[in-house]
Amino acid sequence: LYSGMLESLQIAILATVFGTLISLPLGIAAARNFAPAPVAWGARTLIVVTRSFHPVIVAILFVKAVGFGALAGVLALTVASVGFIGKLVADAVEETSMKQIEAVRATGASFLSIVIMGLFPQVLPRFIGFTAYELDSNLRNSALVGLVGGGGIGGTLFTAFQRFDYDFVLTIVLTIIALVMVGEIISGW
């Protein structure tokens with residue numbers, strides 16, 4: 001139980017970190033008011049592709065590609081995180097006020113300075129909320145991808161079901177609920 005939950009927690013954290021690092025620039029590139037149209041449509045297409053499949057289906061593909069274990073789970077949940085956070089970041093950027101961005105641009109600032117000084121202050125609070133929610137989602141989904149060989153507590157849960165060890169199944173389920181509750185408390189804080 002301990003090693004499976006620890007692995008699930010590691011899978012969720014790594015997938016959230018990698019997904020966040022990929023989705024932030026992708027979401028900015030997908031914003032139609034901030035990026036040129038061909039770049040925005042290309043980035044939006046990539047986001048749609050990553051959102052098209054359930055994480056379990058993606059996990060099955062990665063299990064076939066890289067084998068059983070945590071790497072397949074991390075990759076599957078990273079793809080899911082990119083799709084979810086990327087879309088929300090793109091929508092948040094499109095809802096920003098262009099006044100601050102134009103003010104920074106009027107100073108002759110570089111593109112990176114425009115993003116850091118004009119865009120991030122408006123988007124960052126929502127981005128932190130999106131990331132916290134995605135970590136919570138990845139904690140739950142890490143058990144699902146484990147059922148198909150993606151590592152974590154899901155494999156232990158599947159084995160307990162096969163052995164008809166329902167006391168242990170209940171323990172695993174209660175532990176998953178407790179972990180999600182702890183994540184919710186930390187997220188609320």
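Numbers here simply count residues along the sequence, with the first being 1.
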Is [X] reaching over with its side chain to a backbone N or O of [Y], donor-acceptor style, under 3.5 angstrom?
{"X": "T171", "Y": "D167", "result": "yes"}
{"X": "S113", "Y": "A109", "result": "no"}
{"X": "S137", "Y": "Y133", "result": "no"}
{"X": "N33", "Y": "V93", "result": "yes"}
{"X": "E94", "Y": "R32", "result": "yes"}

Tell me, please, which residues at least two apart from S142 pass side-chain hydrogen bond (donor to acceptor under 3.5 Å, both in side chains).
->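 Once residues adjacent in sequence are excluded, S142 has no partner under the side-chain hydrogen bond (donor to acceptor under 3.5 Å, both in side chains) criterion.
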Item to complete: Could you list the residues that satisfy side-chain hydrogen bond (donor to acceptor under 3.5 Å, both in side chains) with T78, not counting sequence neighbours?
Response: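 Testing T78 for side-chain hydrogen bond (donor to acceptor under 3.5 Å, both in side chains), a comparison that skips the adjacent residues, returns none.
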Side-chain touch [X]/[Y], heavy atoms, less than 4.5 angstrom:
{"X": "T156", "Y": "F168", "answer": "yes"}
{"X": "L144", "Y": "L147", "answer": "yes"}
{"X": "V79", "Y": "F53", "answer": "no"}
{"X": "F127", "Y": "I85", "answer": "yes"}
{"X": "P121", "Y": "Q100", "answer": "no"}
{"X": "I114", "Y": "F34", "answer": "yes"}

(request) Indicate yes or no: does E102 engage K99 in a salt bridge with an N to O separation below 4.0 Å. (result)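 Not counted as a salt bridge, because no side-chain N and carboxylate O are separated by less than 4.0 Å.
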Show the nearest heavy-atom pair for residues G152 and S8, with the distance to one decimal.
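Smallest heavy-atom distance, with atoms named: CA-OG, 3.3 Å.
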Query raised in the report: A143 and I153: which non-hydrogen atoms are nearest, and at how many Å?
Result: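 Here A143 and I153 meet closest at CB-CG2, 3.9 Å.
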Practice task
Report the hydrophobic cluster partners of L26, with the cluster defined as I, L, V, M, F, W, Y residues connected by side-chain heavy atoms closer than 4.5 angstrom, directly or transitively.
Solution key: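 I22, L46, I47, V82, which link up through side-chain heavy atoms under 4.5 Å apart, make up the rest of the cluster.
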Item to complete: Under 4.5 Å between side-chain heavy atoms, chaining through other members, with only Ile, Leu, Val, Met, Phe, Trp and Tyr counted: pull out the rest of the cluster around V48, sorted by chain and number.
Response: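 None, because no other hydrophobic side chain comes under 4.5 Å of this residue.
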Inset, instruction - Could you point out which residue of T107, V104, I101 forms a side chain to side chain contact (heavy atoms under 4.5 Å, CB included) with M117? - result: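 Of all the options given, the one that passes is V104.
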| field | Modelled atom types, side-chain donor and acceptor of S81 and E134, under 3.5 Å | value |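 Yes.
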If the condition is salt bridge (Lys or Arg N to Asp or Glu O under 4.0 Å), which residues does D91 pass it with, not counting sequence neighbours?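 D91 satisfies salt bridge (Lys or Arg N to Asp or Glu O under 4.0 Å) with R44, K87 once adjacent residues are dropped.
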TODO: Please work out whether the ring planes of Y166 and F161 are parallel, tilted or perpendicular, with thresholds of 30° and 60°.
DONE: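 Geometry flag for F161 against Y166: perpendicular rings.
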Residues in side chain to side chain contact (heavy atoms under 4.5 Å, CB included) contact with F68, at least two apart in sequence or another chain =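 Residues passing side chain to side chain contact (heavy atoms under 4.5 Å, CB included) with F68: V63.
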